[in-house]
Asker: 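Below is one structure. I have some questions about it.
Hydrogens, waters and symmetry mates are skipped; everything else that's a heavy atom, side chains included, is used.
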Amino acid sequence: MADDHPPLQNPQKLPLKYRLILPLLSFVSHKCLRPNMTVNRSLISLFESKVSSSSPRDGVFTCDTVIDPSRNLWFRLFVPSSTPHDLPIPLLIYFHGGGFVFFSPDFLSFDTLCRKLARELQAIVVSVNYRLSPEHRYPSQYEDGFDALKFIDDLDSSAFPKKSDFGRCFIAGDSAGGNIAHHVVVRSSDYNFKKVKIRGLIAIQPFFGGEERTESEIRFGRSPTLNLERADWYWKAFLPDGANRNHGAAHVFGEDGVNISAVKFPATLVIVGGSDQLRDWDRKYYEWLKKAGKEVELVEYPKAIHGFYVISELPETWLLIEEAKNFIEKVRSSVNHEWNGIEDDDRSHQM
């Protein structure tokens, strides 16, 4: 990256240990990304702390389920150990971030995050392990996400906790996982699921882009959690050979994107970091959905950097969880109202 970029502006105040760790991890990940568009998996594995599924810990039980061993497609199920009521609880299908290149559901940071989501949202969280680029390029990740959803739909309900509410399914993801979540929702829009009903999308700092350079990319392009040079590398490693960032996978609201007005799209919550280089793309995403007449909310934390949600010490992490909880509750109330309306219509027809 050229040295004439301005320094990071108005950064989020991080705890000391993260101010020390993040530059180190940024340096290591940079060294793992080779100029020939391959990844040094051996090196990065030395720095990826992973945890096995376990009996209840931090108020959450986990177990792993294999979908397709030939492509290492599996998911980790996060189940709250106790709930304050006997009512059904929603499903949250989660896709982790990492530029389509790094991480997995058993990576410590994402295992911890999904435990928090399951416990605080009182939801069954399904964290999907998908294939990584550059070994597996577009559309592998979207296919894996969609196939995971179909697998869950085909599973006997007894494979999940009794209180699982398949009629209230939310798709969520952060960064590249937010991108995957969007495309999985689009692919699911005309699929006839047996029991899964997608009610909402939670896109946390979703990874979108284009050939245009935005103000936030220039202003925050040297962040230790996602810098501009690395983001460009991720896109080049993920997109088809010869494609640029205006490809419909990245520039979802560009000329090559789908006509979202014609898509049955669920209620959406977009989380934006005010000090994230993706800020402007995420704002554009919100405006695109809004202009298309979709139900969409935007929440922006002014000083939040990219990936803030994996740092429990930051207040924005807990504000995000509260926003997600309120969003799920709002959608639940809307669904209940919808069903009550149907029942009222049925009763009026019977009279």
Side-chain angles (χ1 to χ4, degrees), residues 25 28-29 32-34 36-54 60-79 91-115 117-118 124-156 159-160 169 171-185 187-188 191 196 207 233-241 249 307 310:
L25 293 179
V28 171
S29 62
C32 290
L33 306 180
R34 300 182 178 119
N36 66 353
M37 303 310 296
T38 62
V39 177
N40 188 335
R41 298 285 179 197
S42 298
L43 176 58
I44 195 62
S45 67
L46 299 176
F47 295 86
E48 284 189 340
S49 299
K50 296 191 175 184
V51 293
S52 60
S53 58
S54 66
V60 176
F61 169 83
T62 64
C63 64
D64 296 340
T65 298
V66 176
I67 299 173
D68 183 353
S70 69
R71 48 180 162 153
N72 196 27
L73 180 58
W74 56 275
F75 65 79
R76 175 161 291 181
L77 192 67
F78 296 81
V79 182
L91 262 63
L92 183 75
I93 313 298
Y94 195 85
F95 298 98
H96 66 81
F100 308 106
V101 173
F102 295 124
F103 309 133
S104 56
D106 56 358
F107 178 59
L108 177 60
S109 294
F110 287 114
D111 179 90
T112 301
L113 174 62
C114 287
R115 285 179 189 275
L117 293 173
I124 308 294
V125 177
V126 179
S127 183
V128 178
N129 188 71
Y130 52 83
R131 288 171 290 177
L132 301 175
S133 59
E135 296 88 347
H136 305 281
R137 291 174 175 263
Y138 163 92
S140 298
Q141 292 75 6
Y142 304 159
E143 293 171 343
D144 289 351
F146 186 40
D147 287 349
L149 199 54
K150 291 189 291 184
F151 179 86
I152 292 167
D153 187 60
D154 288 336
L155 272 179
D156 189 285
F160 274 69
C169 179
I171 311 297
D174 68 277
S175 194
N179 176 295
I180 295 170
H182 165 83
H183 286 283
V184 167
V185 166
R187 286 180 175 230
S188 302
Y191 185 80
V196 166
F207 189 30
W233 196 99
Y234 290 157
W235 285 125
K236 190 174 181 181
F238 169 69
L239 295 172
D241 285 333
V310 299

Asker: Any pair with a residue in residues 91-104 that passes salt bridge (Lys or Arg N to Asp or Glu O under 4.0 Å), sequence neighbours left out, goes on the list, sorted by first then second residue, please.
Answerer: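 Not a single pair qualifies under salt bridge (Lys or Arg N to Asp or Glu O under 4.0 Å).
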Asker: List in chain and number order the residues that pass side-chain hydrogen bond (donor to acceptor under 3.5 Å, both in side chains) with S52, two or more places apart in sequence or in another chain; answer none if no residue qualifies.
Answerer: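 Counting only residues at least two positions away or on another chain, S52 forms no side-chain hydrogen bond (donor to acceptor under 3.5 Å, both in side chains).
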Asker: Can you list the residues that meet the side-chain contact (heavy atoms from CB on, under 4.5 Å) rule with N36, with sequence neighbours excluded?
Answerer: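 R34, T38.
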Asker: Partners of D147 by salt bridge (charged side-chain N to carboxylate O under 4.0 Å, His left out), sequence neighbours excluded?
Answerer: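 Per chain and number, D147 pairs via salt bridge (charged side-chain N to carboxylate O under 4.0 Å, His left out) with R71, K150.
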Asker: If the condition is ring pair (Phe, Tyr, Trp, His ring centres under 6.0 Å), which residues does Y130 pass it with, not counting sequence neighbours?
Answerer: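 Once residues adjacent in sequence are excluded, the partners of Y130 under the ring pair (Phe, Tyr, Trp, His ring centres under 6.0 Å) criterion are H96.
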Asker: Using modelled atom types and a 3.5 Å cut-off, is there a donor and acceptor pairing between side-chain atoms of Q141 and backbone atoms of H136?
Answerer: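 At least one qualifying donor-acceptor pair exists.
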Asker: Residues in salt bridge (charged side-chain N to carboxylate O under 4.0 Å, His left out) with E135, at least two apart?
Answerer: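 Once residues adjacent in sequence are excluded, the partners of E135 under the salt bridge (charged side-chain N to carboxylate O under 4.0 Å, His left out) criterion are R41.
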Asker: Heavy atoms only: give me the nearest C63-S53 pair and the separation to one decimal.
Answerer: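 What the structure gives for the nearest pair is CA-CB, 3.8 Å.
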Asker: Going through the checks in order, is the side chain to side chain contact (heavy atoms under 4.5 Å, CB included) test met by L33 and V39?
Answerer: CA-CA 5 Å; L33 306 180; V39 177; 4.1 Å; yes
Asker: Could you please spell out the steps behind the side chain to side chain contact (heavy atoms under 4.5 Å, CB included) verdict for T65 and F160?
Answerer: CA-CA 11 Å; T65 298; F160 274 69; over 6 Å; no
Asker: Which residues pass the side-chain contact (heavy atoms from CB on, under 4.5 Å) test with A118, sequence neighbours left out?
Answerer: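 Only V60, F78, P80, V125 meet the side-chain contact (heavy atoms from CB on, under 4.5 Å) criterion with A118.
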Asker: Who pairs with N129 by side-chain hydrogen bond (donor to acceptor under 3.5 Å, both in side chains), at least two apart in sequence or on another chain?
Answerer: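 Applying side-chain hydrogen bond (donor to acceptor under 3.5 Å, both in side chains) to N129 gives none.
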Asker: How would you list, by chain and number, every residue that makes a ring pair (Phe, Tyr, Trp, His ring centres under 6.0 Å) with Y142, sequence neighbours excluded?
Answerer: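 Applying ring pair (Phe, Tyr, Trp, His ring centres under 6.0 Å) to Y142 gives Y138, H183, F238.
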Asker: Between A176 and G98, which heavy-atom pair has the shortest distance, and what is it?
Answerer: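 It is CB-N, 4.3 Å.
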Asker: Check step by step if side chain to side chain contact (heavy atoms under 4.5 Å, CB included) holds for L77 and V126.
Answerer: CA-CA 5 Å; L77 192 67; V126 179; 3.6 Å; yes
Asker: Taking all atoms of both residues into account, what is the closest heavy-atom pair of Y94 and C114, and its distance?
Answerer: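 For Y94 and C114, the tightest heavy-atom pair comes out as CD2-SG, 4.0 Å.
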Asker: For Y191, enumerate each residue passing the ring pair (Phe, Tyr, Trp, His ring centres under 6.0 Å) test, keeping only those at least two apart in sequence or located in another chain.
Answerer: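 Checked Y191 against ring pair (Phe, Tyr, Trp, His ring centres under 6.0 Å); matches are F146, F193.
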Asker: Taking the side chain from D68 and the backbone from L73, do they hold a donor-acceptor pair closer than 3.5 Å?
Answerer: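 Not a single qualifying donor-acceptor pair exists.
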Asker: In sequence, state the C-alpha distance, the side-chain angles, and the governing distance for L91 and I152, and then conclude on side chain to side chain contact (heavy atoms under 4.5 Å, CB included).
Answerer: CA-CA 10 Å; L91 262 63; I152 292 167; 4.3 Å; yes
Asker: How close do C169 and L149 get, counting heavy atoms only, and between which atoms?
Answerer: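 Minimum heavy-atom separation between C169 and L149: SG-CD1, 4.4 Å.
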Asker: Enter the distance from S29:OG to N40:CG here, rounded to the nearest 0.5 Å.
Answerer: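 If I round to the nearest 0.5 Å, the distance is 12.0 Å.
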Asker: If the condition is side-chain contact (heavy atoms from CB on, under 4.5 Å), which residues does R137 pass it with, not counting sequence neighbours?
Answerer: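 Applying side-chain contact (heavy atoms from CB on, under 4.5 Å) to R137 gives D241.
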Asker: First locate atom CD1 of I180, then atom CD1 of I171, and finally report the distance between them rounded to the nearest 0.5 Å.
Answerer: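 Separation between the atoms: 12.0 Å.
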Asker: Pair up each side-chain donor or acceptor in residues 102-110 with any protein partner under 3.5 Å, not counting sequence neighbours, and list the distances.
Answerer:
from: S104; atom 1: OG; to: D106; atom 2: OD1; distance (Å): 2.4

Asker: Got a second to check how far S54's OG is from R115's CZ, nearest 0.5 Å?
Answerer: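 That separation rounds to 4.0 Å.
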Asker: Can you tell me how far CG of L117 sits from CD1 of I124, rounded to the nearest 0.5 angstrom?
Answerer: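 Result: 12.5 Å between the selected atoms.
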Asker: Atom OG in S175, atom CZ in F100: separation rounded to 0.5 Å?
Answerer: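 That separation rounds to 8.0 Å.
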Asker: Nearest 0.5 angstrom please: S49 OG to D111 CG, how far?
Answerer: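 The OG atom of S49 sits 11.5 Å away from the CG atom of D111.
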Asker: Minimum heavy-atom separation for A249 and N179, please, with both atom names.
Answerer: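 Scanning both residues, the minimum pair turns out to be O-ND2, 2.9 Å.
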Asker: Of all heavy-atom pairs between G99 and S133, which one has the smallest distance, and what is that distance?
Answerer: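 In this case the closest contact between G99 and S133 is O-OG, 4.3 Å.
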